[in-house]
Each structure stands twice: as C-alpha cells, then as structure tokens.
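Read through the structure below, which is laid out as structure tokens, and then see the notes.
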Amino acid sequence: MSLTEIPAFARADGPDKVSGLGRYTADLTLTGMAHAAFRYADVPHGRIVELDTSPARAMSGVVAVITDADVPDIYLSAEIADRTLFARDVVRYEGEVVAAVAAVTPEIARAAAAAIVVRYEVLPAVTDIEAALGENSPLVHESWDSYATSGDVVRDRNTAMRSELHRGDADAAMATADVVVSGRYVADASHAVPIEPRAVVAEWQGDHLTVHTSTQVPFDARSRICETLELPTSRVRVIVPHLGGGFGGKCGAHFEPHIAALAKVAKRPVKLVFSRYEEFIAPDRRREGMIVDVATGVKHDGTIVARAAWLGIDNGAYMADATFFPQLAAMHVAGPYRTGSLKIEADLVYTNRQPSGSVRAPTAPQACWAIESHTDEIAVALDMDPIEFRRRNLVATGDVGPMGQVYDEIGALECLELATASAQASADQKPLGPDEALGVSMGWWPTFAVAAGAFAKMHADGTVQLVTGGQECGTGAVMTLRNLAADELGIDPELIELVYQDTAVAPEGPGASGSQTLLNHGRAVEVASQQIAAQLRELAADHLEAAPEDIVLAESKASVAGAPAASVAFTELVERAGAELLGTASVEMPEYPELPTSSTCIGDQGMGAWLAPQFSCHVARVAVDRDTGVVRVSEVHTAHDSGTIINLMGAHGQVEGGVLMGVGQALTEGTRYDDEGRQRNAGLLEYKLQTIADAPSIHTQFVEIATPNAGPRGAKGLAEAPNVATAGAIANALAKVIGQRVRELPMTAERVWRAQTADQSSTTTEQDQS
Amino acid sequence: MTLTIATSVDQAIALLASGARPIAGGTDLVVGARQGKAPLPDQLVAIDRIAELAELTSTDSETRIGAGVTHARLMTDGLIIERHTAIADAAALVGSPATRNVGTLGGNVMNGSPAMDTGAPLIVMGAEAELRSADGTRRVTMGDLWTGPGQISARDDELCTSLVIPAGGPGSGSAYVRLEYRRAMEIAVVGAAAAVTLSDGVLTSIRVALTAVAPVIIEIGDLDNLIGGAPDRALHGAVAAAARDQATPISDLRATDEYRRHTIGVMAARAVDAAARRAAGEQIPVPVNRSLGIGAAQ
C-alpha cells in the first residue's frame with residue numbers, strides 16, 4: 001500500500017533547530033563540569049620516544065591527564081583489532097589521540113594539552129595507495145598479522161582487506177569483444193562535514209556512567225565504551241540530544257570512551273567540543289580516496305561481454321568499519337548492468353592518513369562516478385547514444401545481478417526513462433546553450449536490514465510516544481516513523497512524539513546509519529502501533545457492541561464500519577482500559593537473497609547480493625566557463641526507485657540533500673594532503689562545500705514499486721541512494737561540453753581547465769574478430 | 001582585555017595613540033583570532049558607532065565613503081552603483097550576507113589583504129584613504145598604503161576615516177570580476193577591476209588592477225598605448241596579455257601559479273569588457289559575476 005496519499009507534514013524538530021531553541025550536546029552544562037582537550041600526534045607516522053605529561057599535570061586548573069597507560073589494555077575490536085584508545089608506541093596519522101586533558105576551562109585544557117612533551121622518531125609515511133602495495137613499501141602496521149580479526153578478512157602487508165568478484169572467464173570473454181575501452185579514474189578523499197562538530201559530555205554517578213554524545217549510533221557508542229573501559233552494558237547509558245547532522249560521519253564510536261575515562265579520573269563531569277579543524281582531522285570517518293582502473297569489452301551492438309577492473313581504496317591508518325568497502329565498491333564498478341564476465345579486484349590499503357569510514361553511501365559516489373564516466377566513454381567508442389547504451393544493458397525485473405542474484409520487481413529502466421524525459425522536456429523549453437550539455441548517470445545502492453524493536457504508548461489524553469533505537473540525524477525519523485504510527489492508529493501525526501535516543505529506555509537498534517531508520521525501526525513501529533490499534537479495537541468493540549474486526553479507527557475515534565456517527569474517542573477508551581495502552585515490538589531481519597554458485601566472491605562481506613536494491617538515475621544540466629574551467633550545475637533531474645514512499649516531503653528532502661552533496665563531491669569537495677599525509681584544507685574556507693546559492697533546481701520523481709521483504713509497506717531506504725549518481729551525471733555533461741574527460745574527482749575548475757589543454761581520453765582498442 | 005566604544009573620531013584617535021586597536025565589523029579581527037592567526041589585542045576601541053564614519057557623501061568632483069560604511073550598503077547604494085560600479089560589484093561578492101552587513105570598507109582597506117575584493121576597484125578609480133591621528137590628517141593613495149600581504153604604511157595611531165574617490169567623467173564605466181569556485185563564502189582566487197572612459201566609441205582612459213596575483217593588489221602599468229583604440233577583442237587580448245605578464249602569482253590551496261596566471265588574463269579582459277559596455281551605456285546589473293556568469297558560464 002502506498003502512503004503517499006497521506007498528507008506529508010513538516011519536521012517536528014524544524015522550529016527548534018532554526019530558532020536556536022534546540023539543545024545540542026555542546027549546549028549541556030553539568031555542575032562542576034570540566035573541559036577536555038586532546039593532544040594529537042601531529043606527526044603522521046612516528047615512534048613515540050618520549051611522552052611526558054608532567055608539564056600539563058603541573059598546570060593550575062588541570063584536573064586530569066590520561067594516556068594509553070591509564071586505560072584498560074584493549075585493542076578495539078573492529079573487523080581488524082588494530083588500535084588502542086590512545087596511541088601506543090607508534091602514531092599512524094596526524095589526528096591520532098596521544099593524550100587527553102581535563103581542566104576547569106577549555107582554554108586551560110588546550111594549553112595543557114599543548115604543554116605535554118611528545119618526541120617522535122619520525123618514520124616514513126605511507127601516503128600513496130599504489131606505492132603502499134609495493135614489496136618495498138614501509139608498513140603502516142609492522143605487526144599486522146598479530147591483530148585479531150573477525151569474519152572473512154583477506155589481508156597482507158599494507159592490504160587491510162581484499163575482495164574479488166569473479167563471474168565466468170573474463171579474460172577469454174574480453175578476447176571476444178569487438179571493442180575494448182579502458183580508463184583510469186582517481187577520486188580524492190572527502191568528508192561528511194556535519195554542521196555540528198561532535199561533542200561528548202560524560203558523567204559518572206558512582207559506578208554508573210551517563211554519556212551525552214552527538215552520535216548517529218548510540219548503541220554502537222555504548223558497546224565501544226563497555227568494551228574499552230570494561231564495563232557491563234547495564235551501567236552505561238548513552239543519550240543523544242538534538243543531532244546537528246551526521247552524513248555517516250557520526251556513525252561508529254568515537255571519543256565517548258576517552259571522555260568517560262577522563263571523567264573517571266577527574267571525578268567530575270567532562271565535556272568535549274570539537275573545533276571544525278578537529279572535526280576534519282581526528283574522526284575515523286572520511287570518504288575514502290579511490291583509484292579505479294577498468295576495462296570493458298563490448299560488441300558493436302552494445303552488448304557488454306566482459307569487465308575487468310582493479311580498485312585501490314585508501315583505508316587510512318586504522319580499520320574503522322571499511323572491510324566491506326572493497327566488495328561494495330567492486331559491486332558498483334560491476335554496475336547495475338548486464339556485464340557478462342567479470343573480474344574485479346579491490347584492495348583496501350593502509351596509509352598514514354586519517355582512517356576512512358562510512359560516509360553517506362560509502363564507496364558509491366566515487367565508484368559510480370568512475371563507472372558511469374566509463375559507461376559514457378564506451379557509448380562514445382561505439383558511436384551510440386549513452387542513454388540508448390544504458391537502456392540496452394540495464395538490469396530489469398527477473399535479470400541476474402553481477403554475482404547471480406535474481407531481481408524481484410525493480411525500476412532501474414523506469415528511473416532512466418523518467419529522469420531523461422524530465423531533463424529533455426526542460427531542454428526543449430529552454431534550449432541548451434553552446435557551453436551547456438546534459439549528462440546521465442545511473443546509481444544503485446543496497447538496503448541494509450537488521451532486527452529492531454520499538455515501544456509505543458498511548459496516554460490517557462490520546463497522545464502517543466514512540467520509543468525506538470532510531471536516531472534523528474536529519475533523515476526524517478521525526479516524520480516517517482510518526483507517519484506510520486499515525487496511519488495504523490488513525491490519529492494526527494502531530495499527536496505522536498518521538499522519544500529521542502536514550503539507550504536506557506529504548507530497544508537496541510542500528511540508529512541512523514545505512515538508511516535504516518524507516519526500514520528497520522519503521523517495521524518495529526508498525527507492529528507496536530498495530531498492537532495498540534488492536535487494543536483500541538477490542539475496547540471499542542466492547543463499548544459499541546460490535547466485532548473488533550468491524551471497528552474503524554480514524555481521527556482519534558473508534559466507530560463501527562458503515563456507522564461513523566456512533567463513535568467513541570480514544571481518550572475514553574484509554575480511560576476505560578484503566579491504564580495507558582502499550583505496544584512492544586521486536587522484528588527480525590528479513591531474509592537476504594541467496595547467491596548461486598556460478599559466481600565467486602573472495603573476501604566476502606555479504607555485499608554480493610543486495611536486499612531490495614534501490615535504483616536511481618540523475619541527469620545534470622551543466623554549463624562550463626571554458627576560459628576558466630568553472631562548472632555550474634543548473635538543473636538535476638532525478639528518478640528514484642526506493643520502493644514505497646512514506647512521506648513525500650521528507651523523500652524530496654533526502655534527494656535534494658543528496659544531490660547537493662553530490663554536486664560538492666563532483667566539483668569542489670576534496671581533501672588535499674601534504675607529502676607526509678597531513679590535511680592541508682581542514683577548514684570550511686578551503687574545503688569548499690556547496691552553498692545554497694550554488695544549488696541547482698532539482699526535479700525528482702519516484703518510481704514506487706512496493707518491494708516485498710524489505711521495509712514497512714514495501715519501502716526501501718532513501719538516505720544514501722540520492723548521493724550516488726550526481727557526480728557521474730555532472731562528469732558526463734562536462735565531457736560533452738569540453739570534449740575531454742576529467743579523470744580526477746573533484747573535477748575542480750583547474751582540473752577542467754587542464755583537461756581542455758591535454759588529451760585525457762580513454763584507450764579504445766578495436767579488436768579483430770574475423 | 002578592554003573594549004571601549006568610541007562615540008567620536010577624536011576619542012578613537014586618542015585611544016589608538018595609547019595602544020588600542022580599532023574594531024568595526026570584526027570580520028577579519030575576530031575570525032583571525034579564532035583561527036589562531038593573531039590573538040585579539042589587549043585594548044580594543046569599537047568604532048562602529050561613530051556616526052561620522054558611516055557617512056557617504058558626494059560632490060560633483062568626488063565621493064567620500066566613510067570607513068564604517070558596510071559592504072551591504074555599498075552594493076545597494078544608488079550613487080555607488082551609478083558612479084563607482086566596480087566597488088558595488090566587489091562589495092556584493094564579499095563573504096556572506098552576514099559578512100556584508102557588518103564588514104566595512106575601511107576595515108577591508110586597512111586589513112591589507114591582496115585578495116580583498118574592494119581593493120582593485122579603489123585603485124582603478126584613483127581612490128585615496130584619509131588617515132587621521134593626533135598629528136592631523138593625511139591622504140595616501142592605495143598604492144602607497146598597501147606595502148605587503150597584510151601590511152600597510154599607516155601608523156598604528158592613524159585611523160582611516162574615509163575613502164575619497166574622484167567622480168568619473170561622462171563616458172566612464174567600471175567593473176570588478178573575480179574567479180570564484182562557488183557563489184557565496186568565497187575568497188578571490190584571482191580578480192580584476194577596470195575603469196575606462198569612452199568618447200565617441202574610442203578609449204580615452206583605462207586603468208586595470210589585479211587581485212590576488214602579487215603580494216599587494218597591483219595596477220597594470222603601460223596601458224596608455226591602448227588609448228585611442230576601440231573597446232574590441234584586440235583590446236581585451238592586449239589587457240589579458242599585460243595582466244599575465246605583470247602578475248607574479250603564487251601556488252596555494254586555491255590554485256597553482258600557472259592557473260592563476262592564465263585566469264588573471266581572463267578576468268582582466270572581462271573586467272575591461274564589462275567596464276567599456278557600461279561606459280557605452282549598457283546596464284549590467286551588480287555584480288557583474290552574477291549578471292554575466294563570470295567564473296561560471298550562464
């Protein structure tokens with residue numbers, strides 16, 4: 001069932017956020033609270049030869065100084081347990097935390113952190129992905145083989161993780177191609193850049209710890225605290241106030257354990273608030289740099305017979321959550337096309353840079369930019385219209401995916417037709433100028449499902465509270481979860497309150513990560529609401545002398561079907577019940593599709609088959625200032641298959657935000673490093689986000705296919721998918737205008753200017769098949 | 001730290017003489033302190049409430065812009081748009097609405113950044129800064145005022161009270177354009193201002209100044225040989241060549257020296273083109289960057 005006929009309603013958290021009334025973690029002040037500051041490594045790779053905290057301890061106003069020596073001897077158990085809370089012996093990136101200070105003012109804390117004496121034996125920094133894979137490269141982790149791992153981790157030297165996708169005999173198939181097109185694409189690292197730099201306030205009461213923190217994933221944060229500080233789950237409570245955005249950057253656990261440990265020593269609450277600079281350099285969440293080398297063999301009629309590729313992905317210094325990146329990126333390089341035989345190898349490589357981690361649709365925008373650029377280059381080599389080439393090769397319902405998954409009903413082709421028609425209609429109305437072009441890109445993205453729970457309460461006054469493991473980080477939990485409950489209960493969504501994150505009261509859930517809020521928490525909210533609805537029907541049936549199945553719930557009243565005049569208010573029913581009505585739901589994970597044995601995944605991280613895959617097509621209208629290389633995007637036309645849309649207003653918001661983030665990645669957002677691996681543009685003046693003045697007009701259509709075995713009412717996720725295809729669409733429009741391919745991301749003005757003066761075309765080889 | 005809110009120029013000057021530093025909008029001073037460039041001075045004198053500094057007056061021969069006039073006012077003031085269009089072009093590009101609402105022309109000038117947007121327009125219009133101290137009042141040209149990146153020839157006890165700009169004659173037009181990667185919160189990668197006068201379609205004067213391609217904003221020399229010609233593509237080419245020749249750009253995060261040298265020619269040519277079109281009577285709304293899509297095609 002589609003819910004799009006339900007009027008969309010605006011965000012409940014909007015007024016607080018725009019008026020300044022909303023309270024964020026940094027706004028919290030507790031009695032006796034001290035302020036934290038970190039001492040960072042500064043050196044991207046070095047062995048600690050002296051660490052003397054006594055100058056900091058001697059400073060007036062300092063209440064605690066801690067290092068690796070002051071916390072339990074634990075290696076963090078990400079998929080590769082390769083680090084400790086505080087640097088131990090060796091520092092491996094500039095933003096690694098060496099020591100933490102708590103003081104009565106932030107200024108004293110910073111001065112004390114600076115006063116700590118740290119001397120290093122500087123080690124050679126590993127900063128180049130390809131060089132890092134060489135036999136003679138220094139190792140980022142000398143004793144990497146002693147680290148504990150979980151799951152199917154394939155690694156060697158600086159290779160943190162390797163995945164391969166194989167289908168058929170790609171070499172033999174490639175030899176049968178009429179034309180082979182090959183090219184290299186290189187993407188810089190970029191950042192999530194939430195508007196709120198992260199903050200943590202930790203407070204001990206006896207042996208119980210409460211942590212207020214700006215995390216997208218409070219239960220992950222709690223786990224990390226328990227693991228590293230050796231605390232039982234029951235004694236740790238994580239609360240998330242308003243969250244000022246995350247974009248994946250606040251997934252995972254970050255500095256909650258550091259501040260908790262500091263508060264324990266300080267014997268008072270401690271607060272950490274990051275500067276923008278720290279937000280850039282310290283967290284283990286940046287979008288990974290990537291190299292894509294790809295060759296595709298095609299027949300003259302556009303049939304793809306083989307694809308071979310190698311991907312190099314910059315993991316940075318430590319494992320955050322990136323072991324699934326190689327396989328996921330490889331899937332994107334395979335693409336949502338019928339690609340014949342495949343041989344895709346992907347290396348996730350340790351370097352002495354900030355760790356990479358899940359940022360909105362990890363690996364996809366770069367890999368999609370590469371492969372969709374490549375797709376247009378193939379079409380050019382075949383002298384075929386790029387839209388027609390995609391039309392001939394896109395996967396459709398019943399088709400087989402790269403690793404053999406058979407698709408249920410999917411709308412990839414519909415996305416292509418809708419978005420291109422929309423863009424063409426606009427171009428018909430306002431013809432393209434001589435410096436303008438339209439560019440097309442497809443995108444796709446999996447849906448991530450896990451078990452989740454929800455509590456719902458209907459109070460005596462007829463209002464409802466929803467308590468979930470979800471978190472509102474801008475993705476719209478405040479809209480969609482209430483939409484679902486309102487529809488089940490027959491009440492105005494405004495009567496429903498979403499209780500923000502508190503691990504002490506909510507059932508465990510994945511938080512705001514992986515586009516899972518609606519998908520997982522939504523399923524639980526639906527069931528919990530249904531339980532209350534059933535109670536209302538029972539109570540009303542008794543009162544109205546009808547069967548429960550004949551009771552209709554609408555406008556906070558119950559009535560008998562066909563006789564709306566005789567109704568009873570929910571408030572009266574709750575009163576009759578003598579207690580508030582409760583719903584408690586726990587829903588299991590849907591079953592993932594199985595893979596046949598005809599394909600092989602090496603280093604399998606469960607990304608070979610995608611649950612309820614989402615498809616999209618973005619078409620960008622782009623103008624190029626040829627003399628300077630500055631590119632402007634005036635329109636983006638999108639079509640998305642994300643299943644049923646629950647809240648249309650929120651859905652448009654997700655797509656528009658994703659597109660604007662995509663424009664930034666396409667044109668201006670890229671981290672620059674010095675030769676040793678330090679970030680050179682760790683600030684908002686030189687790391688150039690798009691502004692609202694730069695925003696194109698965005699025209700979105702949804703292909704609503706109710707998807708079985710996914711989210712509530714056939715919904716899939718929609719937070720990450722809109723961030724996938726935009727850069728590829730811009731790249732293809734740009735290449736049409738200038739007649740050259742810009743092979744580096746972001747496609748900055750200077751890179752565009754240089755591309756115009758140098759031949760950067762791909763290699764096209766005609767093969768004689770006679 | 002002490003902060004004194006001055007109500008008169010004399011009071012401000014007295015405080016400067018005793019070691020205080022002036023603050024108006026604070027968009028350079030406070031942001032710089034937060035970024036750790038320089039700590040806030042121990043003594044500050046706020047000059048944003050001195051009425052005299054917010055005056056904008058004109059005679060037939062000159063315009064006097066008080067040092068405290070904001071960018072927001074400059075970009076919308078009818079006289080500035082009519083007579084000193086390049087200044088309005090530049091003011092409209094500075095920072096964000098918030099920056100423009102509090103940031104002042106005097107602050108911009110005395111900050112001495114070679115990337116400041118209003119500097120090149122002031123040079124091509126022959127503006128002078130009026131500096132007042134207990135010793136009296138003196139005027140300096142922009143070229144004499146700016147001595148290096150963030151360095152000025154004014155003494156610490158001198159307060160910039162106004163910028164004095166000769167009124168352009170009939171047939172004059174000016175424009176400022178800059179290369180920018182986005183449309184707000186941007187700093188010039190390079191920029192150029194031009195002021196020209198046309199008589200019967202022939203160039204009778206031309207001045208061009210360049211932003212962010214040298215330690216200070218520089219004026220292109222030796223353009224007099226272009227006088228007497230038409231404002232055509234040959235003129236644009238000659239100006240672009242001169243700009244590239246005389247620029248000494250550096251490489252930094254925003255651009256390489258090579259790219260700056262190329263684009264300064266583009267900007268200089270576009271500034272001259274827009275200025276000449278305005279001189280010929282064409283209405284190109286402020287700022288030129290938005291009207292003509294400079295830095296990004298339409």
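This structure is a prediction, so every number in the text was calculated from the model and none was measured. Each chain gets a letter, A, B and so on, in the order the sequences are listed, and its residues count up from 1.
Residue B/S96: no heavy atom, backbone or side chain, is found under 4.5 Å from chain A. Within the 4.5 angstrom heavy-atom criterion, only backbone atoms of A/L684 (N, CA, C, O) approach chain B. Using a 4.5 Å cut-off between heavy atoms, B/Q35 does not touch chain A at all. Heavy atoms of A/E750 lying under 4.5 Å from chain B belong to its backbone as well as its side chain. Contact annotation for A/L685: both backbone and side-chain heavy atoms come within less than 4.5 Å of a heavy atom of chain B.
Other residues, nucleotides and ligands contribute more than 12 heavy atoms inside 6.0 Å of the CG atom of A/D428. Atom CD of A/Q429 is surrounded by 12 or fewer heavy atoms from other residues, nucleotides or ligands within 6.0 Å.
In terms of heavy-atom pairs under 4.5 angstrom with chain B, the leader among A/R276, A/Q690, A/R680 is A/R680.
Look at B/R277 and B/D273 and you find a salt bridge, because one of the NZ, NE, NH1 or NH2 atoms lies within 4.0 Å of a carboxylate O, short of that distance.
If you run salt bridge (charged side-chain N to carboxylate O under 4.0 Å, His left out) between A/D435 and each of A/R632, A/K736, A/R626, A/R621, only A/R626 comes through.
Between B/Y181 and B/Y259, the two ring planes are parallel [angle under 30°; tilted spans 30° to 60°].
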